[in-house]
Amino acid sequence: MTPTLPEDFEERFWRRHSNPKSGWSRTVLLPALLFAVYHRKPRLAGAALLFTAVNPILFSPPDDDDAWMTRVVLAERWWTRERKAGVFDRTYPNWLNLVNVPVSVYAFVAAYRRRPLRAGLAGALAMGLKFWYVGALVRRYDAADPRADR
């Protein structure tokens, strides 16, 4: 069976997005957005949001799936397909995303109110929750992958 155009596009999108450069470069987005809000720099915020939109297609597909950040992207895709419940239900590790929402909102409110310590701490906590979440997904993905000798 030949994949349809949307399926082919989706597959190419995810392969490019799984380049570790794509994942690691996205880790600077939250700090950049918080900085932009704190310093009232709408052009920086716009550039960060534009980068967020184009980032998944900027990089070529990786040669292999060995890099941890490559497996982060593959694990997120696998998890959403496997669970078919989304990433915001109340089971582990999805509850980490639920907790992350108010923490991230608080970080932006603190940045807007120009409370740098609170914005920085909440931003760091949000990033920590995200890394905890994707780390848990990678462990599950690796455990489910029969090729994995990791």
Side-chain angles (χ1 to χ4, degrees), residues 9-83 85-145 147-150:
F9 174 79
E10 180 184 3
E11 184 60 33
R12 283 186 287 136
F13 170 87
W14 282 101
R15 287 303 305 161
R16 292 179 75 90
H17 186 35
S18 69
N19 185 314
K21 293 174 189 170
S22 176
W24 287 116
S25 63
R26 289 171 71 90
T27 63
V28 301
L29 291 172
L30 180 62
L33 287 168
L34 291 173
F35 180 89
V37 169
Y38 182 88
H39 289 286
R40 312 296 195 261
K41 301 217 176 252
R43 291 174 78 188
L44 176 60
L49 292 173
L50 178 62
F51 180 74
T52 301
V54 299
N55 172 281
I57 59 170
L58 285 179
F59 304 98
S60 61
D63 294 330
D64 55 49
D65 298 347
D66 293 340
W68 183 78
M69 189 55 82
T70 294
R71 294 193 330 275
V72 163
V73 174
L74 297 176
E76 285 182 306
R77 183 179 187 204
W78 167 80
W79 184 250
T80 56
R81 286 180 163 188
E82 182 80 15
R83 300 268 307 166
V87 294
F88 291 106
D89 64 21
R90 287 182 258 155
T91 60
Y92 180 80
N94 288 351
W95 65 263
L96 295 165
N97 276 336
L98 283 171
V99 172
N100 203 344
V101 171
V103 171
S104 296
V105 168
Y106 180 79
F108 280 103
V109 169
Y112 180 77
R113 292 182 179 167
R114 293 192 169 162
R115 304 224 195 291
L117 183 61
R118 292 177 184 190
L121 289 174
L125 179 57
M127 291 179 73
L129 287 165
K130 181 64 173 182
F131 277 110
W132 184 1
Y133 171 71
V134 298
L137 292 187
V138 168
R139 287 187 295 280
R140 288 175 184 226
Y141 176 74
D142 286 350
D145 186 354
R147 305 172 297 133
D149 294 332
R150 308 180 219 288

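Hydrogens, waters and symmetry mates play no part in the numbers below; they use all other heavy atoms, side chains included.
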Residues 46-58 side chain polar contacts: donor-acceptor under 3.5 Å, at least two apart:
unit_1	atom_1	unit_2	atom_2	d
T52	OG1	A48	O	2.8
N55	OD1	S22	OG	2.5
N55	ND2	S22	O	3.4
N55	ND2	S25	OG	2.8

Which donor-acceptor pairs under 3.5 Å do the side chains of residues 117-126 make with protein atoms, sequence neighbours left out?
none

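Screening residues 13-30 for salt bridge (Lys or Arg N to Asp or Glu O under 4.0 Å), with sequence neighbours left out, gives R15-D65. Under the salt bridge (Lys or Arg N to Asp or Glu O under 4.0 Å) criterion, the residue pairs touching residues 124-141 are E76-K130, with sequence neighbours excluded. Identified under the salt bridge (Lys or Arg N to Asp or Glu O under 4.0 Å) test for residues 92-114, with sequence neighbours left out: none. Screening residues 97-118 for ring pair (Phe, Tyr, Trp, His ring centres under 6.0 Å) gives no qualifying pairs among residues at least two apart or on separate chains.
L34 places a side-chain heavy atom less than 4.5 Å from the side chain of L30. Side-chain contact check for T70 versus N19: every heavy-atom pair is 4.5 Å or farther apart. Counting heavy atoms from C-beta outward, P62 and P20 have side chains that approach closer than 4.5 Å.
Residues passing the side-chain hydrogen bond (donor to acceptor under 3.5 Å, both in side chains) test with R77 are E11, sequence neighbours excluded. W68 pairs by the side-chain hydrogen bond (donor to acceptor under 3.5 Å, both in side chains) definition with nothing, not counting sequence neighbours. Y38 meets the ring pair (Phe, Tyr, Trp, His ring centres under 6.0 Å) test with no other residue; sequence neighbours excluded.
Between L98 and P102 the shortest heavy-atom distance is O-CD, 3.0 Å.
The CG atom of L137 sits 13.0 Å away from the CH2 atom of W132 when rounded to the nearest 0.5 Å. Expressed to the nearest 0.5 Å, how far CD of E10 lies from CZ of R12 amounts to 11.5 Å. Distance check, rounded to the nearest 0.5 Å: NE2 of H17 to CG of L74 gives 10.0 Å.
Within 6.0 Å of CG on D64 lie more than 12 heavy atoms contributed by other residues, nucleotides or ligands.
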Stepwise, does the side chain to side chain contact (heavy atoms under 4.5 Å, CB included) test hold for V101 with N97?
CA-CA 6 Å; V101 171; N97 276 336; 5.9 Å; no
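Remark: side-chain polar atoms of R71 are paired, donor with acceptor, to backbone N or O of D66 under 3.5 angstrom.
Residue Y133 is tested with N100, V72, N94 for a side-chain contact (heavy atoms from CB on, under 4.5 Å); the sole match is N94.
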